[in-house]
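Below, read A as the first sequence line, B as the second, and so on, with proteins coming before strands; counting in each chain starts at 1.
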Amino acid sequence: MTDELYDLNGLAASVCAVLTEILEESGAAATPAPAVELAVSRRSQHGDLTTNAAMVCAKRAGRPPRELAQALGERWLAGPGAAICERVEVAGPGFLNLFLGDAWYRGALRRLLAEGANYGRGSLPWSERRSVNVEFVSVNPTGPLHVGHARYAAFGDALCRILAFVGHEVTREFYVNDHGTQMLRFAQSLAARYGQRLGLEAQVPQDGYMGEYLIELADRLVDEVGERYRGDLVAAGGDPARLSAGVLAELREWGRDAMLAQFRASLDRLGIVFDAWTSESALYVGGEQHRGFAGEAGRALADLDREGLLFEHEGAVWLRTTSFGDDKDRVLVRSSGEATYFLSDIAYHRDKLDRGFAHLIDIWGADHHGYVLRMKAAFAALPPHQPERLELLIGQLVNLMESGRARRMSKRRGDIVTVDDLIEAIGVDAARFLLVGRSHDTVLDLDIDLAVEQSNQNPVYYVQYAHARICSIIRNLGSADPDSSELPDVAVGAYERSLLRALARFPEVVLSAAALRAPHRVHAYLSELAAEFHVFYRNCRVLSDDPASTAFRSALCVATRATLAGGLALLGVSAPEAM
RNA sequence: GCCCUCGUAGCUCAGUGGAUAGAGCACAGGUCUCCUAAACCUGGUGUCGAAGGUUCGAUUCCUUCCGGGGGCACCA
């Protein structure tokens, strides 16, 4: 018997192998249907594990499902299952239920201990691993990160951790929108605040940024450059819109860098580190010109011209996105000669392809979803015409609540609850666990006051507490971690079995979280695993006079600790040794 | 009008073809001379928004409708 049978994947494979034999003998297509599942039973009368194999394959085998299940069960039990399974049972419309023996549970625990911190890692087959670029947060550097961004940050980073854990090669990327008119307004607003600090009459533009943070930023600007721009402002009569392009460019760059430094600091507090920060402006620099644009923008335009997809209309340059499923064609170069942000995005994605990523994931807020169709169309228009390589995830918004009522945030007004506010209020662990607790496509209501009030009953502490409890037990054990090679052949009780079944699910939970882009599955799993542990703890004393029982149960604790810590790490949450 | 998304217990939500649909919160009661009571145990509710369809089987897939949210610029 091989070690493979001690995890669910291996077990499923052995059942499928027997099923294939049966199918071959009956002359049906040999490979089992992909929908064959081996799952942990939800009710004890349905055994430890259950498979739908017979129902899924009955038609192809030309036999009634129950009869096929019977044949499958008998042959598997006589073969690979002999040493680990006590009996099988056909139930309902054709389920095959497996009742595993103590030997399987002991073997499974031995395997868990051997894998340690690597349990569940790299479970994606090599053929399915990709070099993946995940772009998220990507906030315009015109104002601080707020709680809405925190959701995308927590979601994106958890997704990255999960993708990397199962076997992908992941790059976290932040796209810096530092090219358009918003940045100009930002620079003008900064200039006005700077002027006010110098005692000049200067007004923040009507459509500028009014937030407090710009006043603080202006203070720092004064500290750094002193009165360097006083003359320019005086000459402009205090109207920042009349400043020279050169001065505004300098202010824009300084402001951008200052904001990005803040972003980095806030994200760092959350435990999120980006591998790449790509500037939109940089897409317009270097290389040859095409249609008046250099850099990646020029190259993108050249690519699209070669495909014959650009046309001019009313002085603007358009991309024929309708050829790729969009409902109207889109402007890339305005009649004024300026690029649209759409051109930037096309150039940007083209650049990401050039950098060799096999798969691109963008995480966008729901307020951008109207943009999905044209982006997919543009990506399909670009060589190598593989739209499936671009995946756009739309995250729903965070509804900021205040004592039960909706509260509106506005960056322009400066009425913002920032990421830093959130961290200060409830802490990093509670914040990250909370923010990835639900699927990204449901609206999340967040009431800061309530969150503070309830932070003591944040589910994260339930999970962390289980981890801390185990650490305490191991400390009390007074010896090194149990040796997996010396697990005693004890009987395995119901609570221990239940905990081990929960542990056995971890790899498939992580795999599905990766495949479905659903970190909240890990969140939900951790709560279930912690619950299993707390029940076990309450009913099974670990440290006792019986050395065999102590050895087995403390080993089970060690395996649970590793899985809890591993799962929490996937969400960027710490696993404390004491609470 | 068109597009996206959601609709499951009093509330917040899991559950992307399987058996009797599950957690947490809230509410009531019980459990530490015993490895951490941030824990455990006991109480109970569902026309899974509606109607059709596909299937051995549908909360899940398809169609239509109803309701909430978001989006439909030569703005970003």
Out of [options], whichever nucleotide has its closest atom nearest the side chain of [X]:
X: A:Val56; options: B:rU55, B:rG18, B:rC74; value: B:rG18
X: A:Arg521; options: B:rG70, B:rU16, B:rC74; value: B:rU16
X: A:Val331; options: B:rA19, B:rU36, B:rC74; value: B:rC74
X: A:Thr442; options: B:rU20, B:rG69, B:rA14; value: B:rA14
X: A:Lys328; options: B:rA76, B:rC41, B:rA73; value: B:rA73
X: A:Gln45; options: B:rA14, B:rU20, B:rU16; value: B:rU20
X: A:Arg469; options: B:rA19, B:rC75, B:rU36; value: B:rU36
X: A:Tyr537; options: B:rU36, B:rC40, B:rC74; value: B:rU36
X: A:Ala366; options: B:rU36, B:rG70, B:rC74; value: B:rG70
X: A:Ala578; options: B:rA14, B:rU36, B:rC35; value: B:rU36

Inter-nucleotide [atom1] distance ([N], [M]), Å rounded:
N: B:rC11; M: B:rC27; atom1: C1'; value: 12 Å
N: B:rA58; M: B:rG15; atom1: C1'; value: 13 Å
N: B:rG71; M: B:rC75; atom1: C1'; value: 14 Å

Problem set entry | Test item: A:Arg469 and A:His534 side chains (from C-beta on) under 4.5 Å apart, heavy atoms |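 Answer yes - side chains close enough.
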Exercise. Can the ring centres of A:His520 and A:His523 be said to be less than 6.0 Å apart?
Worked result: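 Between A:His520 and A:His523, the centre distance exceeds or equals 6.0 Å.
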Exercise. Centroid-to-centroid, A:Phe95 to A:His46, below 6.0 Å?
Worked result: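 So the answer is no for these two rings.
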Problem set entry | Near-parallel close stack of A:His46 and B:rA19 base (under 5.5 Å, under 30°) |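 Check passed, A:His46 stacks on base of B:rA19.
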Problem set entry | pi-stack flag for A:Tyr462 and B:rA38, centroid dist under 5.5 Å, interplanar under 30° |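 Answer is no, no stack.
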For this session: Please tell me which of A:Val443 and A:His534 maps to the more 5' nucleotide of RNA chain B, matching each residue to the nucleotide holding its nearest heavy atom.
Result: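 Looking at RNA chain B, the more 5' nearest nucleotide goes with A:Val443.
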Exercise. How do A:Arg330 and A:Glu528 order along RNA chain B: which one's closest nucleotide is nearer the 5' end?
Worked result: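 The answer here is A:Glu528.
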Problem set entry | Anti versus syn assignment for B:rC32, with syn defined as within 90° of 0 |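 In terms of base orientation relative to the sugar, B:rC32 is syn.
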Check whether the side chain of [X] and the base of [N] form a donor-acceptor pair under 3.5 Å.
X: A:Asp345; N: B:rA76; result: no
X: A:His369; N: B:rG70; result: yes
X: A:Glu577; N: B:rU36; result: no
X: A:Tyr465; N: B:rA38; result: no
X: A:Thr340; N: B:rA73; result: no

Phosphate-side-chain proximity, [X] and [N], N/O vs OP1/OP2 below 4.0 Å:
X: A:His368; N: B:rC4; value: no
X: A:Arg43; N: B:rG18; value: no
X: A:Arg334; N: B:rC75; value: yes
X: A:Tyr461; N: B:rA38; value: no
X: A:Arg374; N: B:rC3; value: no
X: A:Asn52; N: B:rA19; value: no
X: A:Arg42; N: B:rG15; value: no

Exercise. Picking from A:Val88, A:Val90, A:Ile22, what satisfies side chain to side chain contact (heavy atoms under 4.5 Å, CB included) with A:Leu72?
Worked result: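 Answer to the side chain to side chain contact (heavy atoms under 4.5 Å, CB included) test with A:Leu72 among A:Val88, A:Val90, A:Ile22: A:Ile22.
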Under 4.0 Å, heavy atoms only, any strand: does [X] hit a base, just the sugar-phosphate, or nothing?
X: A:Ala39; result: nothing
X: A:Cys540; result: base
X: A:Pro93; result: base
X: A:Val542; result: base
X: A:Arg541; result: base
X: A:Leu516; result: base

For [N], give its Watson-Crick or G-U wobble partner with both distances under 3.5 Å, or none.
N: B:rC35; result: none
N: B:rA19; result: none
N: B:rG24; result: B:rC11
N: B:rG46; result: none
N: B:rC61; result: B:rG53

For this session: Give me the ring orientation class for A:Phe155 and A:His440: parallel if the planes are under 30° apart, tilted from 30 to 60°, perpendicular past 60°.
Result: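 A:Phe155 and A:His440: tilted rings.
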Exercise. In Å, rounded to the nearest 0.5 Å, how long is the span from CE of A:Met183 to CD of A:Glu253?
Worked result: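 With rounding to 0.5 Å, CE (A:Met183) is 9.0 Å from CD (A:Glu253).
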For this session: Determine, for A:Glu173 against A:Lys352, whether the closest basic-nitrogen to carboxylate-oxygen distance falls under 4.0 angstrom.
Result: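 Between A:Lys352 and A:Glu173 there is no salt bridge, as every charged N stays at least 4.0 Å from the carboxylate O atoms.
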For this session: Check the distance between B:rA76's C1' and A:Leu184's CG and give it to me in whole angstrom.
Result: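 After rounding, the gap between these two atoms is 13 Å.
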For this session: Mark yes or no: A:Arg505 above the aromatic ring of A:Tyr525, with NZ or CZ under 6.0 Å from the six-membered ring centre and no more than 45 degrees from the axis.
Result: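 Because its charged atom misses either the 6.0 Å distance or the 45° angle limit, A:Arg505 does not stack over A:Tyr525.
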Exercise. Under 3.5 Å, is there a donor-acceptor pair linking the side chains of A:Tyr371 and A:Asp345?
Worked result: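 Yes, side-chain donor-acceptor contact under 3.5 Å.
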